[in-house]
Amino acid sequence: MPAIEFQSHMGCSEGSMFVDENTLLFIMNGTVEITYGNITHTLRKNQCAFLKQDILIEYNMRCDQ
């Protein structure tokens, strides 16, 4: 498995995903709201978050207008 992987998502969406590996999420544009349990974090452009492995998160990606 690669040590560094780049993924790009264009557009606005929401949903949930299971994070099976430790992941560093970096926001290049827009805003992402991440919910884990009863904790919600909002990430904006040029911010990052470390997501621990084996968790289920809900996300809401909002595009810049």
Side-chain angles (χ1 to χ4, degrees):
M1 303 214 51
I4 298 175
E5 182 178 330
F6 174 80
Q7 292 185 5
S8 177
H9 295 277
M10 302 301 223
C12 303
S13 66
E14 61 181 85
S16 62
M17 69 181 294
F18 182 74
V19 180
D20 57 354
E21 296 180 351
N22 291 330
T23 303
L24 181 64
L25 177 65
F26 183 78
I27 308 304
M28 296 177 68
N29 285 311
T31 303
V32 177
E33 190 173 272
I34 297 173
T35 303
Y36 172 66
N38 61 357
I39 300 170
T40 300
H41 291 284
T42 301
L43 301 169
R44 292 176 179 80
K45 182 178 180 178
N46 295 329
Q47 290 184 328
C48 64
F50 178 78
L51 305 176
K52 189 176 171 182
Q53 68 182 13
D54 297 333
I55 62 171
L56 179 66
I57 63 166
E58 295 180 17
Y59 62 89
N60 183 0
M61 292 189 285
R62 292 173 276 176
C63 303
D64 285 337
Q65 299 297 327

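Residues L25 and C48 form no side-chain contact, since every pair of their non-hydrogen atoms from C-beta on lies 4.5 Å or further apart. Side-chain contact between N22 and F50 is present, with heavy atoms from C-beta onward closer than 4.5 Å. Between T31 and T42 there is a side-chain heavy-atom pair separated by less than 4.5 Å.
Distance CG/L43 to CZ/F26: 10.5 Å, rounded to 0.5 Å. Taken from CE in M61 to CD in E33, the straight-line distance is 12.5 Å, to the nearest 0.5 Å. With rounding to the nearest 0.5 Å, the separation of CE in M17 from CG in L56 is 9.5 Å. In this structure, D54 CG and E21 CD are separated by 9.5 Å, a value rounded to the nearest 0.5 Å.
The neighbour count for Y36 OH, taken as heavy atoms of other residues, nucleotides or ligands under 6.0 Å away, does not exceed 12.
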Stepwise side-chain contact (heavy atoms from CB on, under 4.5 Å) test for I34 and V32 = CA-CA 6 Å; I34 297 173; V32 177; 3.8 Å; yes

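In this view, T35 and T40 satisfy the side chain to side chain donor-acceptor pair (under 3.5 Å) rule, not counting sequence neighbours.
Contact between S16 and Y59 at its shortest, heavy atoms only, is N-CE2, 3.7 Å. Contact record, R62 with C12: C-SG, 3.9 Å, taken as the closest heavy-atom pair. Minimum interatomic distance between R44 and I27 (heavy atoms only, all atoms of both residues): O-CB, 3.5 Å.
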